[in-house]
There are 2 protein chains.
Amino acid sequence: MPSSRDQSVETIQRELTAFARRARATAARTHPQLSLVSFTLLAHLADQRGCRATDLAAHYMLDKSTVSRQVAALEKLGFVERRPDPDDQRVQVLHPTPLGYETLASVAASRRAAFQERLADWSEQDLARFAEYLVRYGRASTRPRS
Amino acid sequence: MPSSRDQSVETIQRELTAFARRARATAARTHPQLSLVSFTLLAHLADQRGCRATDLAAHYMLDKSTVSRQVAALEKLGFVERRPDPDDQRVQVLHPTPLGYETLASVAASRRAAFQERLADWSEQDLARFAEYLVRYGRASTRPRS
DNA sequence: TCGGATGGTTGTATAGTACAACGTGACTGC
DNA sequence: GCAGTCACGTTGTACTATACAACCATCCGA
């Protein structure tokens, strides 16, 4: 017999996967310039004030070749630039360009607006709790398993 | 100045998109036989005790061509069968085969186990609330916008 | 009965991804 | 200081999921 705990887990699983299914499509549709992946990588660069391709790959569990191509695309669009690392000639430190920061801000704003609309009728407390649960879940699923 | 409300929305957005990024990859890795999309479609068929391709497309916001191909793949693997609709010759009602039900159950179980592991140290109440929030969010993002 | 709507398939193009092979540079033990 | 190994990144190749458009077959309402 499924416990209520099992049922909650089942629901969480179903809803999160459903979200995953939709996310890419809607992102692609609303922001043809900056796909979900590109957006995320660029946002990470902005957040970290620059980092290496390898760091991106590790953080997002992507193959380095994938990151290499995504970064190349972002560079072609003028959203990131590569700076040599003085300490290690192999390394290119990636930074958003001013245009990159601009575009990021604009996409983030409109994306935020879409979320705001969906979350418009939530109480502040519910929002805070939902956010907290998601962070907690995210930590659990990125943390290296023992 | 960002309100605490804004910050919660920001966090929810970030975490949900991060989840979306990982979901497909891990699904593909752990269950090469049944991708995230195939799994979801098959699960829907099981849930509904059969439905039409068009219904799947509408429900998951996928193009009918995408569904057509996914279903063809599932059929090739022996997981679904098509039954003619006596009332409408255009329609093929899709049903999981016994093998489909079996595979679905096994993949669902192992997927559930992975979630269980991540959610192991959550209280029952937190799980219930998290599930409720996700359902609420899901309704908001699939509901046709006014 | 004809014209539009509906269900489905197929052709074509694209994005995102992985894996493998490679080149170059850095580090380590001897 | 040199050989072997490791780390960083690129490129070749292949595959999956996806959309859009063109199409065929069927259904239905005026």
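Letters go in sequence order (proteins before strands), and every chain restarts at 1. For clarity, every value in this text was computed on a predicted model and none was experimentally measured. Side-chain atoms are counted along with the backbone in the values below, which use heavy atoms only and exclude waters and symmetry mates.
When hydrophobic side chains of Ile, Leu, Val, Met, Phe, Trp and Tyr are connected at separations under 4.5 Å, A:V135 ends up as a singleton with no cluster partners. Other members of a hydrophobic cluster containing B:Y101 are absent, since no ILVMFWY side chain comes under 4.5 Å of it, directly or through relayed contacts. Through direct or relayed side-chain contacts under 4.5 Å between Ile, Leu, Val, Met, Phe, Trp and Tyr, B:Y60 connects to B:L34, B:V37, B:F39, B:L41, B:L42, B:L45, B:L56, B:L62, B:V67, B:V71, B:L74, B:L77, B:F79, B:V80, B:L94, B:L99, B:L104, B:V107. The hydrophobic cluster containing B:V93 also includes B:V91, under a criterion of side-chain heavy atoms closer than 4.5 Å among ILVMFWY residues, counted directly or through chains of members.
Each of C:dT10, D:dT18, D:dT10 was ranked by its minimum atom distance to the side chain of A:R82; first place goes to D:dT10.
Scored by the side chain to side chain donor-acceptor pair (under 3.5 Å) test, A:D47 finds no partners at all (sequence neighbours excluded). Listed by chain and residue number, B:R83, B:H95, B:T97 satisfy the side chain to side chain contact (heavy atoms under 4.5 Å, CB included) test with B:E81 (two or more places apart in sequence, or in another chain). Not counting sequence neighbours, the partners of B:Q116 by the side chain to side chain contact (heavy atoms under 4.5 Å, CB included) test are A:R5, A:D6, A:V9, B:R112. Among residues two or more places apart in sequence or in another chain, the side chain to side chain contact (heavy atoms under 4.5 Å, CB included) test is passed with A:S110 by A:H31.
Pairs of residues two or more places apart, or lying in two chains, that qualify as ring pair (Phe, Tyr, Trp, His ring centres under 6.0 Å) and include a residue from residues 109-128 of chain A are A:W122-A:F130, A:W122-B:Y133.
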Show me the protein contacts with nucleotides 19-23 of chain C, counting only N or O atoms at under 3.5 Å.
from, atom 1, to, atom 2, distance (Å)
C:dC19, N4, A:S65, OG, 2.6

Might you list the N or O atoms of the protein lying below 3.5 Å from N or O atoms in nucleotides 27-30 of chain D, with each pair's distance?
from, atom 1, to, atom 2, distance (Å)
D:dC27, OP1, B:Q89, N, 2.7

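For the segment residues 43-51 of chain B, no residue has any heavy atom less than 4.0 angstrom from an atom of DNA chain D.
For B:D55 and C:dG8, the CG to P distance is 8 Å, given to the nearest whole Å.
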